[in-house]
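First comes the structure, then the notes that go with it.
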Number of protein chains: 2
Amino acid sequence: MVWPEDGHTQEAVSRAAQEGFIEPVLVCSEETRKNYAGAHGFRSVTVQGAEEAARKAVGLVREKQADIIMKGFLNTDVLLRAILDKELGILPKDTVLTHITAARLPEYHKLLFFTDAAVIPAPTDQQRREQVRYLVDFCHAFQIECPKVALIHCSEKVDERHFPYTASYSTLRKEGGSGAFGPCIIDGPLDLKTSCSAEAMKVKQICSPIGGDADALVFPDIEAGNLFYKAITLFCHAETAAVLQGTMAPVVLPSRGDTIDSKFYSLALASLISK
Amino acid sequence: MVWPEDGHTQEAVSRAAQEGFIEPVLVCSEETRKNYAGAHGFRSVTVQGAEEAARKAVGLVREKQADIIMKGFLNTDVLLRAILDKELGILPKDTVLTHITAARLPEYHKLLFFTDAAVIPAPTDQQRREQVRYLVDFCHAFQIECPKVALIHCSEKVDERHFPYTASYSTLRKEGGSGAFGPCIIDGPLDLKTSCSAEAMKVKQICSPIGGDADALVFPDIEAGNLFYKAITLFCHAETAAVLQGTMAPVVLPSRGDTIDSKFYSLALASLISK
């Protein structure tokens with residue numbers, strides 16, 4: 001727990017510890033050590049400030065003293081700098097860093113996983129392949145045996161001229177079919193409605209093995225992913241959890257506006273996929 | 001009404017006529033003329049098929065015999081071809097064709113207008129300027145005296161390297177401030193939450209004259225616009241109306257999956273902004 005100096009983070013951490021799925025290690029101020037760690041009997045490492053906390057926490061992962069990193073009361077930039085440091089960081093060379101969200105929507109019949117709402121502006125084909133791989137691994141970790149992954153576009157047509165990535169969608173679909181990602185069904189380009197509504201799929205007379213029953217969505221770029229994340233949390237009462245993938249340990253990186261619930265769920269998500 | 005051979009279109013048209021805000025002219029088959037136009041006392045022009053209907057309807061607008069075009073039971077492509085025909089169409093040279101949606105969301109306190117969910121893949125600066133102009137005109141037609149227009153991005157920072165359009169957002173903001181679009185407030189880049197939630201704006205410690213109270217949203221590209229449209233209709237119980245702007249008359253271009261309500265609202269929207 002990197003610099004957990006705010007009440008929101010502390011409450012999420014206490015709940016997760018109480019539920020028994022994490023054992024917190026606080027990298028915190030002397031004051032937090034005394035008042036919070038002490039009161040709960042949590043392990044702690046005292047540091048002088050946020051930057052030192054970030055470096056220290058990253059070090060704990062490298063030394064296999066910690067399995068998950070969670071951001072507390074500091075700027076995302078500061079933590080990311082420590083994580084991405086070429087010598088002392090925890091992103092292996094040539095590994096794709098991306099952001100995975102799990103959402104529970106009152107209007108959808110199951111969890112919906114998606115990427116990328118926060119990290120990669122416009123994924124290359126290679127980055128998108130890794131995004132698919134992470135998503136499928138995520139779903140497997142959630143006991144979804146053969147997850148349905150929809151590659152999202154505004155229509156169902158490949159249009160290489162205006163949307164070059166729709167051509168790479170076809171490649172990913174074929175790779176999925178040949179078992180490159182383990183058991184899963186990949187299809188696209190598909191729009192959101194066709195992906196998540198069997199009725200919409202029928203009306204549009206489209207036939208997809210996703211069958212309007214997607215487990216996971218891959219968005220074309222960060223604008224689409226971020227907008228989806230914000231639309232469902234703002235207008236659809238969605239509950240979300242999110243982590244960074246690609247790093248040596250999952251990283252929970254809450255936004256300033258996230259609820260305590262969302263932080264708690266994100267910790268749960270991180271522990272589920274932590275190896 | 002271009003080839004209104006389906007019950008959905010007919011019902012929307014009948015309701016709009018009954019409410020008294022349109023006077024339908026059906027460009028239809030002999031059968032529809034007899035069974036539907038006759039029964040309601042609607043004017044009609046008989047044609048042999050969808051293509052002829054599209055050309056005929058566009059001709060009626062050119063001859064000032066019609067003020068709105070609505071698509072019935074035909075492919076969008078067929079109608080668009082007639083509309084965009086260089087000699088016989090109704091898109092004036094050098095005019096930007098774009099798509100405007102008005103949405104009522106249970107979780108938002110007023111109508112929300114946005115562009116572009118359907119036409120321009122990646123707007124140029126000039127196209128985006130026209131999108132803003134249309135949106136502001138729309139809001140004025142809805143008696144919103146000083147509409148608040150948010151230029152949407154995944155963050156609040158101008159990032160010319162990864163997102164070149166965020167630089168043009170700054171230009172549009174200045175142009176708005178100098179009165180180029182009439183009375184309005186334009187700000188951006190802003191994310192969806194900051195645009196539509198005063199609380200989120202506060203949490204993020206951002207200060208914008210939009211104040212979390214946007215009337216209208218300009219999306220960076222069609223992927224974002226289309227996704228927003230589909231997310232709110234699929235997951236948020238949004239009611240929507242939409243028209244094409246730029247043509248000599250507003251064009252109502254419903255999707256196959258749209259409800260009768262949505263078609264009816266779109267006709268209402270078109271009549272409100274028809275000159």
Side-chain angles (χ1 to χ4, degrees), chain A residues 8 76 103 105-108 112 114 116-122 152-155 159 161-163 165-166 189-197 199-206 212 217 219-238 255-259, chain B residues 8 76 103 105-108 112 114 116-122 152-155 159 161-163 165-166 189-197 199-206 212 217 219-238 255-259:
Chain A
H8 265 56
T76 300
L105 291 148
E107 296 298 318
Y108 199 54
L112 194 55
F114 60 88
D116 172 328
V119 176
I120 306 176
I152 299 293
H153 175 49
C154 58
S155 101
D159 175 354
R161 189 172 140 228
H162 293 106
F163 310 99
Y165 45 83
T166 55
L190 288 176
D191 80 352
L192 179 72
K193 282 197 163 176
T194 311
S195 303
C196 297
S197 160
E199 200 192 321
M201 193 182 72
K202 263 185 231 159
V203 169
K204 290 185 93 174
Q205 300 186 316
I206 282 165
L217 311 175
F219 289 112
D221 59 26
I222 198 174
E223 293 287 17
N226 189 269
L227 184 67
F228 185 73
Y229 180 84
K230 285 167 179 167
I232 62 171
T233 48
L234 188 58
F235 294 134
C236 314
H237 301 279
S255 307
R256 285 161 290 183
D258 282 352
T259 59
Chain B
H8 267 55
T76 301
L105 291 148
E107 296 299 317
Y108 199 54
L112 195 55
F114 61 88
D116 173 327
V119 175
I120 306 177
I152 300 293
H153 175 51
C154 58
S155 102
D159 176 354
R161 189 172 140 229
H162 293 107
F163 310 99
Y165 44 83
T166 55
L190 289 176
D191 80 352
L192 180 72
K193 281 198 165 175
T194 312
S195 303
C196 296
S197 160
E199 201 190 319
M201 193 182 73
K202 265 184 229 156
V203 169
K204 290 185 93 174
Q205 300 185 318
I206 280 165
L217 312 174
F219 289 111
D221 59 26
I222 198 173
E223 293 287 18
N226 189 268
L227 184 66
F228 185 73
Y229 179 85
K230 285 166 179 168
I232 62 171
T233 48
L234 189 58
F235 294 135
C236 314
H237 301 280
S255 306
R256 285 161 288 185
D258 283 351
T259 59

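All values below were derived from every heavy atom in this structure, side-chain atoms included, with hydrogens, water molecules and symmetry-related copies excluded. Note that the structure is a prediction, hence the values are computed from the model and not measured. Just so it is clear: chains get the letters A, B, ... in the order the sequence lines come, proteins before strands, and each one is counted from 1.
- With a threshold of 4.5 angstrom between heavy atoms, A:Leu105 approaches chain B through side-chain atoms but not through N, CA, C or O.
- In this structure, A:Cys196 and B:Leu234 approach most closely via the heavy-atom pair CB-CD2, 3.8 Å.
- If you measure heavy-atom distances from A:His162 to chain B, the contacts under 4.5 Å come from the side chain alone.
- Under the 3.5 Å distance criterion, the side-chain polar atoms of B:Lys230 are left unmatched by any main-chain donor or acceptor of A:Thr194.
- If you measure heavy-atom distances from B:Ala200 to chain A, you find no contacts under 4.5 Å at all.
- Taking both residues in full, the closest heavy atoms of A:Cys154 and B:Glu223 are given as N-OE1, 3.0 Å, listed atom of the first, atom of the second, then distance.
- Looking at A:Pro121, both its backbone and its side chain come within 4.5 Å of chain B, counting heavy atoms on both sides.
- The side chain to side chain donor-acceptor pair (under 3.5 Å) check on A:Asp258 picks up A:Tyr229, with sequence neighbours excluded.
- Contact annotation for B:Asp221: only side-chain heavy atoms (C-beta onward) come within less than 4.5 Å of a heavy atom of chain A.
- Residues B:Lys193 and A:Thr233 are in side-chain contact: their nearest non-hydrogen atoms beyond the backbone lie under 4.5 Å apart.
- Remark: B:Ile232 CD1 to A:Leu192 CG distance equals 11.5 Å, nearest 0.5 Å.
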